[in-house]
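Heads up: the structure comes next, in structure tokens.
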Amino acid sequence: MKERIFTPGPTPLPEEVRLEQARQIIHHRTAEFSEIFKQVCEGLKYVFQTKRDVFTFAASGTGAMESTIANLFSSGDKVLVVRGGKFGERWSDIGRSFGLEVIPIDVEWGKVVDPEQIEEKLKEEKNIKAVFTQLVETSTAVVYDIEGISKVVRKTPAILVVDAISGLGAHPLLTDEWRIDVVVAGSQKALMLPPGLSFVSLSEKAWEFTKTSTLPKYYWDFNKAKASLEKGQTPYTPAVSLICALREALRLIEDEKIETVIERHRKLAEATRKAAVAIGLEVFGDPPSNVVTAISLPEGIQDKELRKKLKDDYGVVIAGGQGKLSGKIVRIAHLGWMDKLDIIGVISALEMSLLELGYDLELGRGVKAAEQVLINDKL
Ligand SMILES: *Cc1c(COP(=O)(O)O)cnc(C)c1O
């Protein structure tokens with residue numbers, strides 16, 4: 001049986017990316033590596049839609065989140081954190097670990113923050129240094145209005161820090177045009193790589209914050225990363241094979257064009273949602289993201305049983321709920337290297353598994369609904 005992965009990280013790997021990692025290692029202090037790394041940095045700028053540097057770290061996404069806090073802030077700094085799910089909580093946890101004064105803007109899980117709420121908080125509280133948010137709150141499957149939030153934040157001395165780890169490449173994110181100060185991304189999501197790399201871009205306004213930050217950093221020092229980047233290098237040994245594979249992944253994105261990649265995600269997400277509704281299920285989270293579709297579990301269907309059946313009988317791996325949504329939702333990702341038939345496949349497996357577990361449905365209704373969205377589309 002083939003295994004198919006539909007989780008919001010890691011995501012499936014294209015052949016080009018897989019093969020690249022099978023190559024013999026090259027040394028990182030060579031002209032050969034520098035050339036590859038320079039190409040990667042250019043490709044990242046394209047995906048981030050920025051003219052400024054994008055730094056690459058050997059770490060999962062959380063590493064880049066932590067590096068942002070360590071490099072831009074000082075103990076006691078006051079920051080706002082949009083807390084609408086597990087990843088919003090992560091910003092506040094990291095901030096507090098570093099001694100920041102975190103003021104949460106709590107959002108009901110499955111809902112999104114209204115930029116006006118942020119505007120009010122920024123007026124109410126003095127000396128806010130930053131606003132932290134997600135692009136997509138992967139745990140609740142919603143997408144935040146980053147453009148709207150940036151309009152509010154840019155009028156103040158605060159910087160806007162966006163965890164776009166799952167959303168970059170699946171939703172529009174115009175880093176420079178929308179004046180987003182910090183964008184954080186990771187490798188194992190829309191970038192179609194294994195876990196192990198994370199990325200940070202900084203606006204000029206954010207870069208100024210590195211000059212006053214007094215939190216300790218060594219491995220993560222952005223100034224060292226910048227000095228090395230200018231020479232096509234990283235300060236310490238980079239994850240060479242992952243960076244070589246990233247060049248291939250970026251080539252695929254450039255060939256398809258970022259706008260088309262995003263449109264493909266949008267379409268696959270729409271097909272997944274329509275299919276779920278046609279099966280009689282409820283889509284959780286509003287507005288829903290292009291990254292992942294959360295589906296409320298119907299009465300009588302247990303999360304663990306459903307996911308075990310999907311995995312054991314159909315080779316399909318989907319995600320469960322996180323935190324307080326554990327056991328209440330399942331999440332089907334349509335992220336990264338995904339196409340129309342991946343969606344038809346996962347919906348078919350979902351229909352068969354639900355029926356076998358005693359849920360009342362007519363086979364094929366979800367598949368048909370997905371087909372109706374996807375037919376005639378040159379994805
Ligand atoms: C996946 C993800 C992360 C990072 O997780 P890591 O396991 O550290 O890579 C952070 N934020 C969001 C929104 C994510 O989807």
Side-chain angles (χ1 to χ4, degrees), residues 5-13 47-48 55-70 81-95 97 104-105 107 109-113 131-146 149 160-171 173 180 182-201 219-220 239 242 245-246 249 265 269 284-285 287-294 317-323 325-326 329-338:
I5 189 162
F6 294 89
T7 56
T11 61
L13 306 178
V47 176
F48 276 65
F55 300 116
T56 298
F57 294 101
S60 81
T62 308
M65 291 170 80
E66 176 162 331
S67 76
T68 300
I69 293 188
V81 173
V82 176
R83 212 165 55 172
K86 191 176 167 234
F87 295 105
E89 285 179 350
R90 188 163 301 177
W91 273 137
S92 85
D93 290 348
I94 303 172
S97 306
I105 300 181
V107 179
W109 285 35
K111 299 262 181 345
V112 293
V113 70
V131 176
F132 288 81
T133 182
Q134 271 61 45
L135 169 55
V136 170
E137 177 46 88
T138 320
S139 64
T140 64
V142 298
V143 56
Y144 291 136
D145 172 13
I146 296 303
I149 296 172
L160 174 59
V161 182
V162 178
D163 160 8
I165 293 172
S166 68
L168 185 80
H171 282 276
L173 187 71
I180 304 168
V182 183
V183 175
V184 178
S187 56
Q188 78 276 25
K189 314 250 169 158
L191 290 176
M192 309 179 286
L193 287 184
L197 291 180
S198 52
F199 314 96
V200 181
S201 76
Y219 182 76
W220 301 107
L242 283 171
L246 175 57
H265 280 85
F284 178 89
S289 76
N290 297 344
V291 164
V292 59
T293 295
V317 181
I318 66 169
Q322 293 171 288
L325 290 173
S326 174
I329 59 167
V330 287
R331 292 174 303 146
I332 299 174
H334 16 73
L335 184 58
W337 194 54
M338 288 273 170

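One-based numbering, in listed order, for ligands and for the atoms of each.
- Remark: side-chain polar atoms of S198 are paired, donor with acceptor, to backbone N or O of A59 under 3.5 angstrom.
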Pairs under 3.5 Å, N/O atoms on ligand 1 and on the protein: can you put them in a table with the distances?
residue, atom, partner, partner atom, Å
ligand 1, 8 (O), S60, OG, 2.6
ligand 1, 8 (O), G61, N, 3.4
ligand 1, 8 (O), T62, N, 2.9
ligand 1, 8 (O), T62, OG1, 2.5
ligand 1, 9 (O), G61, N, 3.0
ligand 1, 9 (O), Q188, NE2, 2.8
ligand 1, 11 (N), D163, OD1, 3.3
ligand 1, 11 (N), D163, OD2, 2.6
ligand 1, 15 (O), T138, OG1, 2.4
ligand 1, 15 (O), K189, NZ, 2.8

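- Taking V143 as the reference, L135, V136, H171, P287, S289 meet the side-chain contact (heavy atoms from CB on, under 4.5 Å) condition, with sequence neighbours excluded.
- Listed by first and then second residue, the side-chain hydrogen bond (donor to acceptor under 3.5 Å, both in side chains) pairs involving residues 135-146 are E137-S139, T138-S166 (not counting sequence neighbours).
- Of the possible donor and acceptor atoms, none in the side chain of K189 sits under 3.5 Å from a partner among the backbone N and O of G336.
- Under the 3.5 Å distance criterion, the side-chain polar atoms of Q322 are left unmatched by any main-chain donor or acceptor of K86.
- Taking A269 as the reference, R273, N290, H334 meet the side-chain contact (heavy atoms from CB on, under 4.5 Å) condition, with sequence neighbours excluded.
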